[in-house]
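Order of listing sets the numbers, starting from 1, for every ligand and every atom in it. What you see is a predicted model; the values in this text were computed from it and never measured.
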Amino acid sequence: MSVVLPAAFEDRLKPVLGTEWNAFVQALKEPAPTSIRINPYKNSFAEGSNIPWTSFGKYLTERPKFTLDPTFHAGAYYVQEASSMFLEQALKQTTDLTKKLNVLDVSAAPGGKSTHLLSLLSRESLLIANEVIRSRATILAENIQKWGCSNAIVTNNDPEDFSRLSGFFDVLVVDAPCSGEGLFRKDPEAMKEWSPENVDLCRKRQRRILADVWPALKEEGVLIYSTCTYNRFENEETMQWLREQQDAESLELKTEDNWGIDHVHENGIHGYHFYPHKVKGEGFFLSVIRKKSATQGVSLKARKGLNPPAKKIEDQLSAWTTVTEPQFFTWNETALVIPGSLYKETAFLLDHLKFVQAGTALATLKHDKLIPEHAAALAVDLNKDHFKQLEVTEDDALRYLRKEPMQIQSTGKGYALVMFNGLPLGWVNMLDNRMNNLYPKEWRIRMAG
Ligand code: SAM
């Protein structure tokens, strides 16, 4: 395969890579490695070699048809390129993860970093997974639902909306929209869209996002900045700009020599570069900065509390979930649950942000009836034993995911969980002589197989 790189891109990167340039170009001709990150809450297992900078990542020897794997739809793993999983080192090495933390992932769709963060944070910590583009926020919400954690809120806000939340967050993750040079191998479109003008646009946008969210970081909190691009304008220089504007300290991370990551330390900035000829992954950059300036924390006063469901609904829902000290509330006819430790934060944020999803949606309330929500089936805290469970074959699992009739025979009435390999896929409603498939129609798989 030949690779024709934009001339201006070559002019810029060739001097940076020097004698490594040919190896870099050669790597772009190789197939991109396939990797997944398993969901630690779903007892997932995958064959494959470990990705050294994360406890959850695996390289696969071939690229299976993920769409035709029912466990993928159950949220057993997330398909993600390996370099981006370095986020784990950035978080573990700079932050005490045993503490209750407020974390913002400001440009979160489709949810790679957010689902990874949920695997790393304590269950009483709060993740705000935000995405400014509405259609992408819907995909983000879907992936967070599949991951199954109740300590996440998905929002659809512009980064500037976070500037009002002074000192609220312990960690900010800015996985910035960028010129995508690191994606040239995986996504040839990224190469077509590349231009020096676009790099400049991205650089300006990144600074705007950073300036918008910076006030929301606590004193001593950390901001993890990453891009999937190589150029210094969007990377080191952006971090340098932030450090010069703000009272902040760039943090050094420990890496092993055999990981193949390039550590650049210049002008007070530590940056970590991933090049495809040196790591088994795509192009990526990451840098961590700690806030040093005193920041007045916003007071968590909410205009009103969360709207509780009727007592008898709450009693019924208590049997559905194993969330610690569950806090139930209603929102648009839906009953939801969050860990009780997050009540104040959730009520406060509801006044300030545009929620797409909060905690786990358990049921739609129809008069006094509870119709289970799909998110409840995927929740890691679902009390599965409270429901009838129908373990199905792979063929039936795929029929279920296509919303086709299954061949399974079962008796009884009411809502039941369709399970594959011990993992819930969703709900059916069992009636006298048929079974209604409640899989969300917009999630239905369409691939033949
Ligand atoms: N963090 C994601 C993950 O790991 O799956 C990938 C994020 S992607 C690199 C950057 C995201 O920024 C995209 O979802 C894009 O829609 C969003 N975005 C685009 N313009 C933006 C802006 N002006 N402010 C904030 N986010 C923006």
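At under 3.5 Å, not a single nitrogen or oxygen of I133, backbone or side chain, sits near a nitrogen or oxygen of ligand 1. No N or O atom of Q80 sits closer than 3.5 Å to an N or O atom of ligand 1. At under 3.5 Å, a nitrogen or oxygen of G111, whether backbone or side chain, sits near a nitrogen or oxygen of ligand 1. Inclusion of Y78 in the set of residues having an N or O under 3.5 Å from an N or O of ligand 1 is not warranted.
For K218 and F169, the positive end is not near the middle of the six-membered ring at less than 6.0 Å and at most 45° from its axis.
When all heavy atoms are compared, the tightest approach of G111 to L140 is CA-CD1, 3.5 Å. In this structure, P40 and W147 approach most closely via the heavy-atom pair CD-CZ2, 4.3 Å.
Using a 4.0 Å cut-off between charged side-chain N and carboxylate O, D69 and K65 make no salt bridge. Classification of K113 and D175 as a salt-bridged pair holds, one side-chain N sitting under 4.0 Å from a carboxylate O. No salt bridge links E47 with K58; every basic N to acidic carboxylate O contact stays at or beyond 4.0 Å. Using a 4.0 Å cut-off between charged nitrogen and carboxylate oxygen, R232 and E266 count as a salt-bridge pair. The pair K291-D247 does not count as a salt bridge, with every side-chain nitrogen at least 4.0 angstrom from each carboxylate oxygen. At a threshold of 4.0 Å, the pair E282-R185 counts as salt-bridged, since one of the basic side-chain nitrogens sits closer than that to a carboxylate oxygen.
For atom 10 (C) of ligand 1, the candidate residues are D175, D105, T115, L87; the nearest heavy-atom contact is made by D175.
Atoms of ligand 1 found under 4.0 Å from any heavy atom of I209, numbered from 1 in the order shown, are 22 (C), 24 (N), 25 (C).
When heavy-atom distances to ligand 1 are checked against a 4.0 Å cut-off, D158 has no atom that comes that close, whether in backbone or side chain. For S114, no heavy-atom contact with ligand 1 is shorter than 4.0 Å. At a 4.0 Å heavy-atom cut-off, ligand 1 touches P110 through backbone and side chain alike. The proximity of R208 to ligand 1, defined as any non-hydrogen pair under 4.0 Å, does not occur for either the backbone or the side chain. For A176, every heavy-atom contact with ligand 1 shorter than 4.0 Å involves the backbone, none the side chain. The proximity of K113 to ligand 1, defined as any non-hydrogen pair under 4.0 Å, involves the side chain as well as the backbone.
Nearest to atom 20 (N) of ligand 1 among the protein's heavy atoms is P177 CG, 3.8 Å. The closest protein non-hydrogen atom to atom 23 (N) of ligand 1 is R205 CD, 3.5 Å. Of the protein's non-hydrogen atoms, R136 NH2, 3.4 Å is the one closest to atom 13 (C) of ligand 1. For atom 12 (O) of ligand 1, the closest heavy atom belonging to the protein is S107 CB, 3.2 Å. Given atom 6 (C) of ligand 1, the protein heavy atom at minimum distance is A109 O, 3.1 Å. Shortest contact from atom 16 (O) of ligand 1 to any protein heavy atom: E131 OE2, 2.7 Å. Counting protein heavy atoms only, atom 5 (O) of ligand 1 is closest to G112 N, 2.8 Å.
In the model, T322 has no side-chain atom that pairs as donor or acceptor with a side-chain atom of K384 under 3.5 Å. For the residue pair E81 and S84, a side-chain donor N or O sits within less than 3.5 Å of a side-chain acceptor on the partner. Judged purely by distance below 3.5 Å, without hydrogens or angles, the side chains of Q26 and H277 never pair a donor atom with an acceptor atom.
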